[in-house]
Structures are given as C-alpha cells and as structure tokens.
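Ligands are counted one by one from 1 in listed order, and the atoms in each one are counted from 1 as well.
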Amino acid sequence: MVAVVARRSRLLLIRRSDQVSAPGKFCFPGGAIEEGETEEEAVVRELREELGVRVQPVRRVWESCTEWGVHLSWWQSRLADDAPIVPNAAEVSHIGWYTIPEILGLSDLLSSNRQFLQKVLAGDIQLDLEP
Ligand SMILES: Nc1nc2c([nH]c(=O)n2[C@@H]2O[C@H](COP(=O)(O)OP(=O)(O)OP(=O)(O)O)[C@@H](O)[C@H]2O)c(=O)[nH]1
C-alpha cells in the first residue's frame, strides 16, 4: 500500500531508514498489507506506525507492480492540516513536502515512484494536488 498525501501542490515524501529494505531511498509512506486487512485499513495502520498520524484513504488512484515483483496499490489519502508528523526512526530517516519536479530530481527515488509521478504529469493518473 502506498499513501499519496498532497498539500498545496506538494507531496509527503519519506526517506527510508538504514534498517529497512531499499535503505536511503525516497518514496511515499506505506507498506505491506497484512492478512485480513482491507487496503484502507493497511494504509491507516502503516501511516500510524511510520509517521504517528491518522490519515483518511480517499481513493485508489493507481495499481502497479514493481520491477522486483511487489504489487502496489496507490491511495490518495488525506491528513488533517494540523496533524503533527512524528517519524518512527526505525523506518523513516526524513520526511518532507516536495513538488513533483523536486521529487523527480531526486536520484535516490524508487523507480516505481518515478513511474507514478510521470503518469501523474502525463495526465494518466488523476491526483488532487490541492485537497
Ligand atoms: N512504502 C512504500 N513502499 C514502496 C513505494 N514504492 C515502492 O516501490 N515500494 C515498495 O513496496 C514494498 C513494500 O514497502 P515497505 O518496505 O514500506 O513495506 P514493509 O516494510 O511492510 O515490507 P518490506 O519487508 O518489503 O520492507 C517494497 O518493496 C518497497 O520498495 C512507496 O512509495 N512507499
């Protein structure tokens, strides 16, 4: 599950910690679905574990498969404006709000995220950037 959280034309991006797979890479918050969970429940749980925030999944905007065979569901999700973000250091080394061109300029971006953003720019994926 991948949570795409937008605010004033910026997207919430994390940098993966040194202790998880793909260490140091930039991507969106999220993680694997657990047995018995709906996709929405997994998004809510992952964001609580990773960033200490409660999000509301709004709409699945895309599905894909990574080059390494992981199925991904991309959920536009809403975060309360005043919600403080407290990254779980075991999983996340950094968080920030970036514009799409800024994200595409990062060399350490996961390839699936680059593909996602290129599709957003091309108009193939509808994302509300000012929710
Ligand atoms: N969280 C997250 N994962 C992503 C994104 N894009 C992407 O390809 N992935 C891939 O999705 C898979 C699961 O992500 P994760 O690493 O956060 O989840 P996890 O801790 O539950 O599982 P793990 O044991 O594979 O690390 C990884 O293979 C990761 O590389 C993204 O934007 N956010």
Side-chain angles (χ1 to χ4, degrees):
M1 290 317 107
V2 176
V4 188
V5 181
R7 180 181 287 175
R8 291 184 283 276
S9 295
R10 290 173 180 269
L11 298 174
L12 179 58
L13 201 67
I14 67 163
R15 187 161 205 183
R16 301 170 69 87
S17 82
D18 292 339
Q19 288 132 271
V20 297
S21 59
K25 294 282 191 186
F26 288 95
C27 68
F28 299 129
I33 193 167
E34 289 178 0
E35 214 181 309
E37 270 183 337
T38 63
E39 294 197 357
E40 290 95 324
E41 285 166 348
V43 169
V44 170
R45 176 184 51 73
E46 283 289 349
L47 277 273
R48 195 182 57 232
E49 289 173 4
E50 242 171 52
L51 303 176
V53 292
R54 179 162 180 91
V55 291
Q56 186 191 350
V58 177
R59 194 168 60 88
R60 188 171 60 207
V61 290
W62 196 45
E63 285 180 273
S64 66
C65 189
T66 65
E67 288 160 13
W68 49 98
V70 175
H71 173 263
L72 297 174
S73 264
W74 302 70
W75 279 84
Q76 171 129 41
S77 301
R78 196 159 294 163
L79 176 66
D81 232 6
D82 51 358
I85 299 174
V86 184
N88 172 352
E91 298 184 23
V92 176
S93 68
H94 171 87
I95 65 128
W97 295 90
Y98 296 84
T99 64
I100 293 176
E102 283 168 351
I103 299 172
L104 289 172
L106 297 168
S107 56
D108 279 340
L109 184 65
L110 285 183
S111 54
S112 31
N113 294 65
R114 187 172 301 281
Q115 203 188 350
F116 173 83
L117 292 172
Q118 279 161 350
K119 284 189 178 291
V120 171
L121 287 183
D124 297 337
I125 294 173
Q126 307 304 320
L127 202 60
D128 184 0
L129 288 168
E130 308 272 349

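For atom 20 (O) of ligand 1, the nearest protein heavy atom lies 4.0 Å away or farther. Checking atom 13 (C) of ligand 1 against the protein gives no heavy-atom contact under 4.0 Å.
Of the protein's heavy atoms, R16 NH2, 2.5 Å lies nearest to atom 16 (O) of ligand 1. Of all protein heavy atoms, the one lying nearest to atom 33 (N) of ligand 1 is F28 O, 2.6 Å. For atom 22 (O) of ligand 1, the nearest non-hydrogen atom of the protein is A32 CB, 4.4 Å. Nearest to atom 6 (N) of ligand 1 among the protein's heavy atoms is N113 OD1, 2.8 Å. Among protein heavy atoms, atom 11 (O) of ligand 1 sits closest to L72 CD2, 3.4 Å. Looking from atom 27 (C) of ligand 1 to the surrounding protein, the closest heavy atom is W68 NE1, 4.1 Å. Of the protein's heavy atoms, L110 CD1, 3.9 Å lies nearest to atom 4 (C) of ligand 1. Closest to atom 18 (O) of ligand 1 among all protein heavy atoms lies G31 CA, 3.3 Å.
Environment of CZ in R45: crowded, with over 12 heavy atoms of neighbouring residues, nucleotides or ligands closer than 6.0 Å. Within a 6.0 Å sphere centred on CZ of R54, heavy atoms belonging to other residues, nucleotides or ligands number 12 at most.
Side chains of W75 and E40: no donor on one and acceptor on the other come within 3.5 Å. Side-chain atoms of E130 and S9 form a donor-acceptor pair, as typed in the model, at a separation below 3.5 Å.
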- prompt: Should E91 and R16 be marked as a salt bridge (Lys or Arg N to Asp or Glu O under 4.0 Å) after you check the CA-CA gap, both sets of side-chain angles, and the distance that decides it?
  reply: CA-CA 6 Å; E91 298 184 23; R16 301 170 69 87; over 6 Å; no
message: For R60 and W74: C-alpha separation, side-chain torsions, deciding distance, then whether side-chain contact (heavy atoms from CB on, under 4.5 Å) applies.
response: CA-CA 6 Å; R60 188 171 60 207; W74 302 70; 5.8 Å; no
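In this structure, F116 and W62 have tilted ring planes: the angle between them lies in the 30° to 60° band.
Within the structure, the closest approach of T66 to ligand 1 falls below 4.0 Å when heavy atoms are considered.
In terms of heavy atoms, L47 sits closest to G30 at CD2-N, 4.3 Å.
The N/O atoms of S112, backbone and side chain alike, include one that comes under 3.5 Å of an N/O atom in ligand 1.
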